[in-house]
Amino acid sequence: MKRFLVGGLVAILALFGVCSWSSNALAEDGLDGDVASSLRLSPSGTRLTLKPGEVLEGNAEGCLAGLASGCTVQVTNNGNKAFKYKVYVTPYSVSGSNNELSFSTTTGYTQIARWITIKNSNGEYADEAIFTIEPGETQTVEYRVTIPDDIPGGSQYAVLWAQIMDGEESASGIQTIGQVGSVISGRSSSQTVETAEIVDIDMTRFSLSNNLHAKAKVRNTGNADFVIEYKYTARTFFGKEVHADEGSIAAFPETEYDVAMEWNDAPMLGIFTATFEINAGDQHITETHIVVIMPLVVMILLIFLLTIIIVWIIIMLRKRKERKARKLV
């Protein structure tokens, strides 16, 4: 490290002359923690293949694209009490750079919530269904997706909920005490566009401290989700890798994201080659720059040293001029 710092200082003096997207289970706990925590729902997420005019249920091909068991979910009661639960579907809407979730906002990408119906205990498909489950029991709940002929292109998102009901009637009806959800996403078999726009790329090129950053804005300009992958790599002036970090963000349609990388423990002094790579949709961008880290004290010393050198050169030039003038006389 000492050799590197000295070499970096010498170089400075010389220079001054790089979606499975994944779905997570959703949970909302209610008042009775014991009962609410006993409910399990799997899978946490399913991806379907949507073709205009098709009806997906059971082991249909479009269901199997997301899960081996088809268009079903498994509900398990891990507790010691029997309870009733309701199964229903809501939109799954994402907005903002932090992917804020909404289960009530309807957009062009949540239309699938209207296409899904639940198979009830009578074998009929309805908007919702109520079941009773015993302790330790696992039940399979089937759902059907009726796809219209004029399906919009791109991705669709919804959440299938299993909501515990405590069975006690009140003025407002049966009370609920907790629920868990499974994300259902679908992608159209045609007219899917995965495009992105990467703007406002900014990288630290000179720093007085050992904190470096690289950032950019990425817009999903298509109609389907994808994963933004990004990587920041720093190498010494001689090519040795000293830092590498990478990350990813699930990017939803028509949403802008802030991509940022930080290197907060870089050496206090040195010259590096920093590379920032971003892969998003149809875009791949690589930015590479020379980065100089120089504490303020070192910079002042260098300026002082350079000033002394310049003054010394001026004095020497004047003395040489005076000698030549004397010889001419």
Side-chain angles (χ1 to χ4, degrees), residues 1-22 96-99 194-222 225-252 255-310 313:
M1 181 59 73
K2 289 182 178 179
R3 290 182 179 177
F4 169 67
L5 293 177
V6 173
L9 181 57
V10 171
I12 292 173
L13 291 172
L15 287 174
F16 281 109
V18 115
C19 115
S20 76
W21 178 82
S22 64
S97 60
N98 294 322
N99 281 345
E194 292 186 10
T195 56
E197 183 180 11
I198 303 174
V199 297
D200 297 340
I201 299 175
D202 179 50
M203 296 176 63
T204 302
R205 303 191 190 188
F206 178 82
S207 178
L208 298 174
S209 66
N210 60 341
N211 298 322
L212 306 180
H213 74 265
K215 58 185 180 180
K217 289 185 181 295
V218 180
R219 300 188 184 105
N220 184 341
T221 57
D225 57 82
F226 54 76
V227 176
I228 302 171
E229 298 177 333
Y230 50 98
K231 183 177 182 180
Y232 182 82
T233 307
R235 291 179 171 82
T236 67
F237 195 70
F238 305 102
K240 179 182 178 182
E241 184 177 291
V242 291
H243 177 77
D245 192 14
E246 58 187 14
S248 62
I249 301 174
F252 289 83
T255 307
E256 181 177 277
Y257 297 88
D258 293 317
V259 174
M261 306 293 289
E262 301 284 343
W263 185 19
N264 296 320
D265 57 352
M268 292 298 297
L269 180 66
I271 297 180
F272 304 92
T273 301
T275 301
F276 189 31
E277 298 178 67
I278 303 175
N279 285 297
D282 61 339
Q283 297 293 307
H284 173 76
I285 288 181
T286 300
E287 288 267 343
T288 300
H289 297 289
I290 299 296
V291 179
V292 177
I293 302 177
M294 184 184 303
L296 183 60
V297 174
V298 175
M299 187 170 67
I300 293 174
L301 289 174
L302 283 176
I303 293 173
F304 180 71
L305 179 61
L306 288 173
T307 302
I308 293 176
I309 293 174
I310 292 172
I313 292 174

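A quick note: this is a predicted structure, and the numbers were derived from the prediction, not measured.
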For this session: Examine distances only and state if a side-chain atom of Thr204 and a backbone atom of His213 form a donor-acceptor pair shorter than 3.5 Å.
Result: yes

Exercise. Quick one: CD1 on Ile308 to CD1 on Ile303, what's the gap to the nearest 0.5 Å?
Worked result: 12.5 Å

Exercise. Do Val242 and Trp263 come close enough that some side-chain heavy atom pair is under 4.5 Å?
Worked result: yes

For this session: Answer yes or no: is there a donor N or O on one side and an acceptor on the other, between the side chain of Thr273 and the main chain of Arg235, under 3.5 Å?
Result: no

Problem set entry | Euclidean distance, Glu262 CD relative to Lys215 NZ, rounded to 0.5 Å | 8.5 Å

Seminar exercise, completed: Heavy atoms of Ala216 and Ile198 approach each other most closely as CB-CG2, 4.4 Å

For this session: Using only heavy-atom distances, determine whether the side chains of Asn220 and Tyr257 contain a donor-acceptor pair under 3.5 Å.
Result: no

Seminar exercise, completed: For Thr255 and Gly96 the tightest heavy-atom approach is CG2-O, 3.3 Å

Exercise. Under the 3.5 angstrom rule, does the side chain of Thr233 hit a backbone N or O of Ala244 as a donor-acceptor pair?
Worked result: no

Exercise. Are any non-hydrogen side-chain atoms of Leu212 and Tyr232 less than 4.5 angstrom apart?
Worked result: yes

Problem set entry | Nearest-0.5 Å distance that lies between atom CZ in Arg219 and atom OG in Ser97 | 12.5 Å

Seminar exercise, completed: Here the pair of heavy atoms bringing Gln283 nearest to Ala196 is CG-O, 3.1 Å

Problem set entry | Asp245 side chain vs Met261 backbone, donor-acceptor pair below 3.5 Å | no

Can you give me every donor-acceptor pair (side chain of residues 288-298, partner residue at least two apart or in another chain, under 3.5 Å) with its distance?
| unit_1 | atom_1 | unit_2 | atom_2 | d |
| --- | --- | --- | --- | --- |
| Thr288 | OG1 | Thr275 | OG1 | 3.2 |
| His289 | NE2 | Arg205 | NH2 | 3.2 |
| His289 | NE2 | Glu287 | OE1 | 2.9 |

Problem set entry | Whether Asn210 side chain and Ala266 backbone form a donor-acceptor pair below 3.5 Å | yes

Problem set entry | CZ-CG distance between Phe226 and Asn279, expressed to the nearest 0.5 angstrom | 10.5 Å

Problem set entry | Spacing of Leu208 atom CG and Met268 atom CE [to the nearest 0.5 Å] | 9.5 Å

Problem set entry | Any donor-acceptor pair under 3.5 Å from Asn99 side chain to Ala251 backbone | no

For this session: Output yes when Lys217 and Asp258 qualify as a salt bridge under the 4.0 Å nitrogen-oxygen rule, no when they do not.
Result: yes

